[in-house]
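Quick notes on the structure that follows.
Computed from a predicted structure; not experimentally measured. Every chain is numbered from 1 and lettered A, B, ... according to where its sequence line falls, protein lines coming before strand lines.
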Amino acid sequence: MQKDLLDWFDQNKRLLPWRVERTPYRTWISEIMLQQTRVETVIPYFLRWMEKFPDIAALAESDEQTVLKCWEGLGYYHRARSLHHTAITINQTMDGIFPSDPKVMQKLPGIGRYTAGAIASIGFGIPAAALDGNIRRIYSRTGDISLPQRTSECEKILWNMAEELLDPDRPGDYNEALMDLGNAVCTSTNPHCESCPITSFCLAYRNHTVAIRPVQTAVKSIPHYQVAAAVIRKAEDNQPDRYLLAQRPAKGLLGNLWEFPGGKIEADETVQECLQREIREELDTTVTIREPFGTYRHAYTHFRVTLQAFLCDINGQIPRPVEAQAIAWAAADELDRFPMGKIDRLISERIKNI
DNA sequence: CAGACGTGGTA
DNA sequence: TTACCAAGTCT
(Lines give C-alpha, C1' and ligand atoms only; values in the text may rest on other atoms or scores of the structure.)
Protein backbone atom coordinates (compact mmCIF):
# COMPACT_ATOMS: atom_id res chain seq x y z
CA MET A 1 0.00 0.00 0.00
CA GLN A 2 2.81 2.41 0.86
CA LYS A 3 4.40 1.93 -2.56
CA ASP A 4 1.18 2.38 -4.52
CA LEU A 5 0.26 5.44 -2.48
CA LEU A 6 3.69 7.06 -2.87
CA ASP A 7 3.70 6.32 -6.62
CA TRP A 8 0.32 8.05 -6.84
CA PHE A 9 1.67 11.00 -4.81
CA ASP A 10 4.70 11.32 -7.11
CA GLN A 11 2.29 11.74 -10.02
CA ASN A 12 -0.43 13.80 -8.35
CA LYS A 13 1.28 15.86 -5.68
CA ARG A 14 -0.17 19.37 -5.47
CA LEU A 15 2.18 22.31 -5.90
CA LEU A 16 1.62 24.37 -2.77
CA PRO A 17 3.58 27.37 -1.47
CA TRP A 18 4.79 25.51 1.64
CA ARG A 19 5.96 22.58 -0.47
CA VAL A 20 8.62 24.69 -2.16
CA GLU A 21 11.53 25.91 -0.06
CA ARG A 22 10.80 23.44 2.74
CA THR A 23 11.96 24.72 6.09
CA PRO A 24 10.79 23.83 9.60
CA TYR A 25 9.49 27.40 10.01
CA ARG A 26 7.41 27.32 6.81
CA THR A 27 6.15 23.85 7.65
CA TRP A 28 5.18 24.96 11.14
CA ILE A 29 3.30 28.05 9.94
CA SER A 30 1.48 26.11 7.22
CA GLU A 31 0.46 23.31 9.58
CA ILE A 32 -0.99 25.76 12.11
CA MET A 33 -2.85 27.70 9.40
CA LEU A 34 -4.21 24.47 7.94
CA GLN A 35 -5.79 23.35 11.21
CA GLN A 36 -9.51 23.13 10.45
CA THR A 37 -8.96 25.38 7.45
CA ARG A 38 -9.08 24.72 3.70
CA VAL A 39 -5.95 24.78 1.56
CA GLU A 40 -7.42 27.39 -0.82
CA THR A 41 -8.21 29.67 2.12
CA VAL A 42 -4.73 29.31 3.59
CA ILE A 43 -2.64 30.00 0.47
CA PRO A 44 -3.01 33.83 0.33
CA TYR A 45 -2.59 34.10 4.12
CA PHE A 46 0.55 31.97 4.00
CA LEU A 47 2.10 34.08 1.22
CA ARG A 48 1.31 37.34 3.03
CA TRP A 49 2.62 35.93 6.32
CA MET A 50 5.95 34.95 4.79
CA GLU A 51 6.32 38.44 3.30
CA LYS A 52 5.73 40.00 6.70
CA PHE A 53 7.35 37.40 8.96
CA PRO A 54 9.98 35.57 6.86
CA ASP A 55 11.53 33.75 9.82
CA ILE A 56 11.17 33.01 13.53
CA ALA A 57 13.12 36.12 14.51
CA ALA A 58 10.91 38.42 12.45
CA LEU A 59 7.80 36.89 14.04
CA ALA A 60 9.25 37.15 17.55
CA GLU A 61 10.14 40.80 17.07
CA SER A 62 6.71 41.86 15.83
CA ASP A 63 3.87 42.94 18.11
CA GLU A 64 0.76 40.85 18.63
CA GLN A 65 -1.63 43.34 17.02
CA THR A 66 0.38 43.14 13.78
CA VAL A 67 0.27 39.35 13.95
CA LEU A 68 -3.49 39.32 14.58
CA LYS A 69 -4.07 41.79 11.74
CA CYS A 70 -2.20 39.46 9.38
CA TRP A 71 -4.35 36.58 10.64
CA GLU A 72 -7.68 38.45 10.44
CA GLY A 73 -10.31 36.35 8.68
CA LEU A 74 -8.62 32.99 9.23
CA GLY A 75 -10.43 32.33 12.51
CA TYR A 76 -9.36 30.40 15.61
CA TYR A 77 -7.29 33.38 16.67
CA HIS A 78 -5.59 31.57 19.55
CA ARG A 79 -3.51 29.98 16.77
CA ALA A 80 -1.99 33.33 15.85
CA ARG A 81 -1.36 34.27 19.47
CA SER A 82 0.27 30.86 20.06
CA LEU A 83 2.50 31.27 16.99
CA HIS A 84 3.68 34.65 18.20
CA HIS A 85 4.22 33.44 21.76
CA THR A 86 6.09 30.36 20.56
CA ALA A 87 8.36 32.37 18.28
CA ILE A 88 9.39 34.48 21.26
CA THR A 89 9.98 31.35 23.35
CA ILE A 90 12.11 29.73 20.65
CA ASN A 91 14.14 32.89 20.24
CA GLN A 92 14.74 33.27 23.95
CA THR A 93 15.22 29.69 25.13
CA MET A 94 16.03 27.52 22.10
CA ASP A 95 18.67 29.60 20.32
CA GLY A 96 16.09 30.54 17.70
CA ILE A 97 15.99 26.98 16.35
CA PHE A 98 12.71 25.13 15.91
CA PRO A 99 12.88 21.78 17.77
CA SER A 100 12.94 18.58 15.70
CA ASP A 101 11.69 16.27 18.45
CA PRO A 102 7.90 15.87 18.26
CA LYS A 103 7.75 15.37 22.05
CA VAL A 104 9.39 18.76 22.51
CA MET A 105 7.13 20.34 19.88
CA GLN A 106 4.04 19.14 21.72
CA LYS A 107 4.99 21.21 24.74
CA LEU A 108 4.67 24.36 22.63
CA PRO A 109 1.23 26.04 22.61
CA GLY A 110 -0.92 25.22 19.59
CA ILE A 111 1.03 22.08 18.69
CA GLY A 112 -0.78 18.87 19.53
CA ARG A 113 -0.14 15.28 18.54
CA TYR A 114 -1.14 15.71 14.90
CA THR A 115 0.83 18.90 14.24
CA ALA A 116 3.95 17.60 16.02
CA GLY A 117 3.88 14.46 13.86
CA ALA A 118 3.26 16.47 10.70
CA ILE A 119 6.09 18.95 11.29
CA ALA A 120 8.52 16.21 12.37
CA SER A 121 7.79 14.03 9.34
CA ILE A 122 7.27 16.71 6.68
CA GLY A 123 9.69 19.33 7.96
CA PHE A 124 12.44 17.11 9.36
CA GLY A 125 12.01 13.72 7.63
CA ILE A 126 11.57 12.01 10.98
CA PRO A 127 9.36 8.88 10.98
CA ALA A 128 6.51 10.34 13.06
CA ALA A 129 2.87 9.44 12.58
CA ALA A 130 0.24 12.09 11.92
CA LEU A 131 -3.52 11.60 12.15
CA ASP A 132 -5.75 14.33 10.77
CA GLY A 133 -9.31 14.36 9.45
CA ASN A 134 -8.26 13.05 6.03
CA ILE A 135 -6.16 10.21 7.42
CA ARG A 136 -8.88 9.28 9.92
CA ARG A 137 -11.33 8.96 7.04
CA ILE A 138 -8.94 6.93 4.87
CA TYR A 139 -7.98 4.47 7.63
CA SER A 140 -11.60 4.16 8.76
CA ARG A 141 -12.30 3.00 5.21
CA THR A 142 -9.24 0.85 4.51
CA GLY A 143 -9.78 -0.83 7.87
CA ASP A 144 -13.58 -0.73 7.56
CA ILE A 145 -13.73 0.54 11.13
CA SER A 146 -17.29 0.34 12.50
CA LEU A 147 -16.53 2.18 15.75
CA PRO A 148 -17.95 5.73 15.94
CA GLN A 149 -15.40 8.47 15.17
CA ARG A 150 -13.73 10.46 17.91
CA THR A 151 -14.32 7.89 20.63
CA SER A 152 -11.18 6.98 22.56
CA GLU A 153 -11.42 3.36 21.41
CA CYS A 154 -11.56 4.40 17.75
CA GLU A 155 -8.79 6.97 18.19
CA LYS A 156 -6.49 4.33 19.64
CA ILE A 157 -7.01 2.05 16.64
CA LEU A 158 -6.52 4.86 14.10
CA TRP A 159 -3.34 6.15 15.78
CA ASN A 160 -2.00 2.59 15.83
CA MET A 161 -2.69 2.31 12.11
CA ALA A 162 -0.94 5.64 11.53
CA GLU A 163 2.12 4.42 13.45
CA GLU A 164 2.28 0.98 11.86
CA LEU A 165 1.50 1.89 8.25
CA LEU A 166 3.84 4.90 8.11
CA ASP A 167 6.50 4.54 5.43
CA PRO A 168 9.79 4.70 7.36
CA ASP A 169 11.79 5.87 4.34
CA ARG A 170 9.49 8.69 3.21
CA PRO A 171 7.40 9.58 6.29
CA GLY A 172 6.69 13.16 5.24
CA ASP A 173 5.67 12.24 1.71
CA TYR A 174 3.59 9.39 3.07
CA ASN A 175 1.62 11.63 5.43
CA GLU A 176 1.17 14.29 2.76
CA ALA A 177 0.14 11.64 0.25
CA LEU A 178 -2.67 10.50 2.54
CA MET A 179 -3.83 14.08 3.01
CA ASP A 180 -3.79 14.78 -0.73
CA LEU A 181 -5.61 11.51 -1.36
CA GLY A 182 -8.20 12.40 1.26
CA ASN A 183 -8.65 15.82 -0.30
CA ALA A 184 -8.98 14.72 -3.92
CA VAL A 185 -10.04 11.06 -3.98
CA CYS A 186 -11.11 9.59 -0.66
CA THR A 187 -13.44 12.52 -0.01
CA SER A 188 -16.07 12.70 2.69
CA THR A 189 -18.96 12.71 0.21
CA ASN A 190 -18.83 11.20 -3.29
CA PRO A 191 -15.42 9.49 -2.96
CA HIS A 192 -13.73 8.63 -6.26
CA CYS A 193 -12.94 4.98 -5.61
CA GLU A 194 -12.57 4.40 -9.36
CA SER A 195 -9.39 6.49 -9.39
CA CYS A 196 -8.05 5.48 -5.99
CA PRO A 197 -4.59 3.81 -6.01
CA ILE A 198 -5.22 1.71 -2.91
CA THR A 199 -8.67 0.14 -3.37
CA SER A 200 -7.06 -3.30 -3.38
CA PHE A 201 -6.12 -2.64 0.26
CA CYS A 202 -9.45 -1.08 1.24
CA LEU A 203 -11.78 -3.27 3.30
CA ALA A 204 -14.67 -0.83 3.03
CA TYR A 205 -14.33 -0.90 -0.77
CA ARG A 206 -14.44 -4.68 -0.70
CA ASN A 207 -17.37 -4.71 1.75
CA HIS A 208 -19.32 -1.89 -0.01
CA THR A 209 -19.31 0.19 3.16
CA VAL A 210 -17.33 3.19 1.92
CA ALA A 211 -20.38 5.45 2.12
CA ILE A 212 -20.96 4.64 5.80
CA ARG A 213 -17.30 4.95 6.84
CA PRO A 214 -16.25 6.63 8.96
CA VAL A 215 -19.21 6.19 11.34
CA GLN A 216 -20.26 9.71 12.28
CA THR A 217 -21.46 10.59 15.74
CA ALA A 218 -24.66 12.60 16.05
CA VAL A 219 -24.23 16.36 16.18
CA LYS A 220 -26.35 18.53 18.44
CA SER A 221 -28.13 21.63 17.18
CA ILE A 222 -26.52 24.95 17.97
CA PRO A 223 -28.22 27.94 19.63
CA HIS A 224 -29.12 31.16 17.84
CA TYR A 225 -28.59 34.39 19.78
CA GLN A 226 -30.02 37.86 19.21
CA VAL A 227 -27.26 40.42 19.71
CA ALA A 228 -27.00 44.22 19.70
CA ALA A 229 -23.99 46.44 19.02
CA ALA A 230 -23.41 50.18 19.38
CA VAL A 231 -21.62 52.24 16.75
CA ILE A 232 -20.79 55.13 19.05
CA ARG A 233 -19.91 58.22 17.07
CA LYS A 234 -18.10 61.30 18.32
CA ALA A 235 -18.07 64.52 16.31
CA GLU A 236 -15.15 66.90 16.72
CA ASP A 237 -14.54 70.37 15.33
CA ASN A 238 -12.58 70.41 12.07
CA GLN A 239 -11.94 66.68 12.34
CA PRO A 240 -13.54 63.55 10.93
CA ASP A 241 -16.02 61.70 13.16
CA ARG A 242 -14.53 59.03 15.38
CA TYR A 243 -16.00 55.67 16.38
CA LEU A 244 -15.54 53.79 19.61
CA LEU A 245 -13.86 50.40 19.52
CA ALA A 246 -13.33 48.07 22.49
CA GLN A 247 -10.66 45.42 22.73
CA ARG A 248 -11.98 42.02 23.76
CA PRO A 249 -10.46 40.05 26.64
CA ALA A 250 -7.38 37.97 25.79
CA LYS A 251 -9.07 34.66 26.49
CA GLY A 252 -12.10 33.24 24.74
CA LEU A 253 -13.92 34.12 21.54
CA LEU A 254 -12.02 36.53 19.24
CA GLY A 255 -9.51 37.14 22.03
CA ASN A 256 -7.59 40.44 21.85
CA LEU A 257 -9.54 41.51 18.76
CA TRP A 258 -11.47 44.80 18.58
CA GLU A 259 -15.22 45.18 18.37
CA PHE A 260 -18.12 47.56 18.53
CA PRO A 261 -19.43 47.20 22.10
CA GLY A 262 -22.64 45.29 22.69
CA GLY A 263 -23.90 41.89 23.70
CA LYS A 264 -26.67 39.34 23.91
CA ILE A 265 -30.26 40.56 24.09
CA GLU A 266 -31.86 39.00 27.19
CA ALA A 267 -35.33 37.46 27.02
CA ASP A 268 -37.07 40.32 28.84
CA GLU A 269 -35.52 43.33 27.16
CA THR A 270 -35.71 45.30 23.92
CA VAL A 271 -32.72 45.91 21.64
CA GLN A 272 -32.48 49.44 23.01
CA GLU A 273 -32.61 48.29 26.62
CA CYS A 274 -29.93 45.73 25.86
CA LEU A 275 -27.66 48.37 24.36
CA GLN A 276 -28.07 50.73 27.31
CA ARG A 277 -27.33 47.89 29.74
CA GLU A 278 -24.27 46.69 27.81
CA ILE A 279 -22.90 50.21 27.48
CA ARG A 280 -23.37 50.76 31.20
CA GLU A 281 -21.70 47.43 32.06
CA GLU A 282 -18.87 47.62 29.56
CA LEU A 283 -18.13 51.35 29.42
CA ASP A 284 -19.77 52.81 32.53
CA THR A 285 -21.67 55.49 30.60
CA THR A 286 -24.94 56.05 28.75
CA VAL A 287 -25.75 56.75 25.12
CA THR A 288 -28.48 58.24 22.96
CA ILE A 289 -29.51 55.59 20.46
CA ARG A 290 -29.97 56.99 16.94
CA GLU A 291 -30.85 55.16 13.73
CA PRO A 292 -30.39 51.43 12.97
CA PHE A 293 -27.06 50.63 11.34
CA GLY A 294 -27.71 47.29 9.75
CA THR A 295 -28.59 43.72 10.70
CA TYR A 296 -25.86 41.12 10.44
CA ARG A 297 -26.16 37.36 10.55
CA HIS A 298 -23.16 35.20 11.28
CA ALA A 299 -22.48 31.55 12.12
CA TYR A 300 -19.71 30.70 14.56
CA THR A 301 -18.67 27.14 15.29
CA HIS A 302 -21.04 26.48 18.17
CA PHE A 303 -23.68 29.18 17.90
CA ARG A 304 -25.32 31.53 15.45
CA VAL A 305 -26.08 35.22 15.89
CA THR A 306 -28.27 37.91 14.41
CA LEU A 307 -26.79 41.26 15.33
CA GLN A 308 -28.58 44.60 15.16
CA ALA A 309 -26.31 47.64 15.13
CA PHE A 310 -27.32 51.21 16.03
CA LEU A 311 -25.59 54.53 15.64
CA CYS A 312 -25.24 56.10 19.08
CA ASP A 313 -23.98 59.29 20.73
CA ILE A 314 -22.41 59.42 24.19
CA ASN A 315 -24.59 61.42 26.58
CA GLY A 316 -23.08 60.27 29.87
CA GLN A 317 -19.59 60.51 31.31
CA ILE A 318 -16.43 59.66 29.43
CA PRO A 319 -16.45 55.92 28.63
CA ARG A 320 -13.86 53.77 30.37
CA PRO A 321 -13.02 50.12 29.69
CA VAL A 322 -14.61 47.86 32.32
CA GLU A 323 -14.91 44.46 30.68
CA ALA A 324 -12.77 45.41 27.71
CA GLN A 325 -8.97 45.65 27.97
CA ALA A 326 -8.92 49.00 26.23
CA ILE A 327 -11.00 51.38 24.14
CA ALA A 328 -10.03 53.44 21.12
CA TRP A 329 -11.62 56.23 19.09
CA ALA A 330 -10.95 55.50 15.43
CA ALA A 331 -11.67 57.63 12.38
CA ALA A 332 -13.28 55.79 9.46
CA ASP A 333 -9.99 55.50 7.60
CA GLU A 334 -8.28 54.07 10.69
CA LEU A 335 -10.68 51.17 11.23
CA ASP A 336 -8.71 48.81 8.98
CA ARG A 337 -5.74 48.93 11.33
CA PHE A 338 -7.61 47.21 14.15
CA PRO A 339 -7.85 43.41 13.96
CA MET A 340 -11.52 42.37 14.11
CA GLY A 341 -13.75 39.38 13.59
CA LYS A 342 -16.05 39.09 10.60
CA ILE A 343 -19.15 40.91 11.86
CA ASP A 344 -17.27 43.90 13.23
CA ARG A 345 -15.32 44.13 9.97
CA LEU A 346 -18.64 44.28 8.09
CA ILE A 347 -19.82 47.09 10.37
CA SER A 348 -16.50 48.89 9.77
CA GLU A 349 -16.97 48.61 6.02
CA ARG A 350 -20.39 50.19 6.33
CA ILE A 351 -18.95 53.05 8.37
CA LYS A 352 -16.38 53.70 5.65
CA ASN A 353 -19.27 54.07 3.21
CA ILE A 354 -21.12 56.71 5.25
C1' DC B 1 -14.31 14.34 27.73
C1' DA B 2 -17.66 17.39 25.99
C1' DG B 3 -17.53 21.89 24.65
C1' DA B 4 -15.11 26.15 23.14
C1' DC B 5 -12.99 28.06 19.37
C1' DG B 6 -13.95 31.29 13.10
C1' DT B 7 -14.77 31.36 8.62
C1' DG B 8 -16.09 30.36 3.90
C1' DG B 9 -17.59 26.82 0.70
C1' DT B 10 -20.87 23.33 -0.78
C1' DA B 11 -24.97 20.30 -0.91
C1' DT C 1 -31.73 28.57 4.90
C1' DT C 2 -29.74 24.96 7.35
C1' DA C 3 -26.26 21.47 7.94
C1' DC C 4 -21.86 20.12 7.74
C1' DC C 5 -17.49 20.25 6.50
C1' DA C 6 -11.80 21.60 6.42
C1' DA C 7 -4.21 19.45 7.50
C1' DG C 8 -6.98 20.27 15.63
C1' DT C 9 -5.92 22.07 20.24
C1' DC C 10 -7.03 23.29 24.77
C1' DT C 11 -9.65 23.09 29.03
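Only the C1' atoms considered, B:dC5 is 16 Å distant from C:dC5, to the nearest whole Å. Nucleotides C:dT11 and B:dT7 place their C1' atoms 23 Å apart, quoted to the nearest Å. Comparing B:dC1 with C:dA6, their P atoms are spaced 24 Å from each other, to the whole Å. Rounded to a whole angstrom, the distance from the C1' atom of C:dT1 to that of B:dG8 is 16 Å.
Toward the 5' end of DNA chain B, the nearer of the two residues A:S152 and A:L257, judged by each one's closest nucleotide, is A:S152. Along DNA chain C, the nucleotide nearest to A:L16 and the one nearest to A:P109 differ in position, and the one closer to the 5' end is contacted by A:L16. Ranked by how close their nearest DNA chain C nucleotide is to the 5' end, A:Q106 and A:E31 are led by A:E31.
Looking at A:T27 and A:F124, their side chains never come closer than 4.5 Å, going by heavy atoms from C-beta outward. At a threshold of 4.5 Å between non-hydrogen side-chain atoms, the residues A:R170 and A:D10 count as touching. Considering only heavy atoms from C-beta on, A:Q247 comes within 4.5 Å of A:Q65 through its side chain. Residues A:P319 and A:L244 meet the side-chain proximity criterion, which asks for heavy atoms closer than 4.5 Å.
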Using atom names, set out every protein N or O paired with an N or O of nucleotides 2-5 of chain B below 3.5 Å, distance rounded to 0.1 Å.
unit_1, atom_1, unit_2, atom_2, d
B:dG3, OP1, A:K220, NZ, 3.0
B:dG3, OP2, A:K220, NZ, 3.2
B:dC5, OP1, A:L253, N, 3.2
B:dC5, OP2, A:H302, NE2, 3.0

Sort me out a list of protein N/O and nucleotides 9-11 of chain B N/O pairs below 3.5 Å, or just none if empty.
none

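For the pair A:Q35 CD and B:dT7 C1', the interatomic distance rounds to 15 Å; values are reported in whole Å. Taking atom CG of A:D180 as the reference point, atom P of C:dA6 lies 14 Å away to the nearest angstrom. In this structure, A:E72 places its CD atom 13 Å from P of B:dG6, rounding to the nearest Å. The distance between atom CG of A:L181 and atom C1' of C:dA7, rounded to the nearest whole Å, is 14 Å. Straight-line distance from the CD1 atom of A:I32 to the C1' atom of C:dC10: 13 Å, rounded to whole Å. Rounded to whole angstrom, the span from the CG atom of A:L346 across to the C1' atom of B:dG8 amounts to 13 Å. In this structure, OH of A:Y45 is placed 17 Å from C1' of C:dA7, rounded to the nearest angstrom. The separation between A:L74 atom CG and C:dA6 atom C1' is 12 Å, rounded to whole Å.
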Next on the checklist: Would A:N353 and A:R350 count as a side-chain hydrogen bond (donor to acceptor under 3.5 Å, both in side chains) here? Give the steps.
Outcome noted: CA-CA 5 Å; A:N353 290 330; A:R350 180 160 169 163; over 6 Å; no

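Shown here is A:K69, whose NZ atom has more than 12 heavy atoms of other residues, nucleotides or ligands within 6.0 Å.
Residue A:I111 is in sugar-phosphate contact alone, with no base atom involved, counting any heavy-atom pair closer than 4.0 Å across all strands shown. Note on A:W71: nothing from the nucleic acid sits closer than 4.0 angstrom, heavy atoms only. Residue contacts shown for A:A130 are absent, as no nucleic acid heavy atom lies under 4.0 Å away. Counting any heavy atom pair closer than 4.0 Å across all strands shown, A:S221 reaches no nucleic acid atom. Using a 4.0 Å heavy-atom criterion, one finds that A:G341 contacts the sugar-phosphate atoms exclusively. A:V42 comes within contact range of no nucleotide atom at all, as no heavy-atom separation falls under 4.0 Å.
The backbone N or O of A:G75 lies less than 3.5 Å from a partner atom in the side chain of A:W71, making a donor-acceptor pair. A donor-acceptor pair under 3.5 Å is formed between the side chain of A:E72 and the backbone N or O of A:M340. In terms of modelled atom types and a separation under 3.5 Å, the side chain of A:R22 and the main chain of A:W18 share a donor-acceptor contact. The closest donor-acceptor contact from the side chain of A:R79 to the backbone of A:L74 lies under 3.5 Å.
Distance check: A:L34 CG to A:F46 CZ gives 9.0 Å after rounding to the nearest 0.5 Å.
Judged by distance alone, with hydrogens and angles left aside, A:R137 brings no side-chain donor or acceptor close enough to the base of C:dA7 to form a pair under 3.5 Å.
At C:dT2, one or more side-chain N or O atoms of A:R297 fall inside 4.0 Å of OP1 or OP2 (strictly under the cut-off).
In this structure, of C:dA6, C:dA7, C:dA3, it is C:dA7 that holds the atom nearest to the side chain of A:R14.
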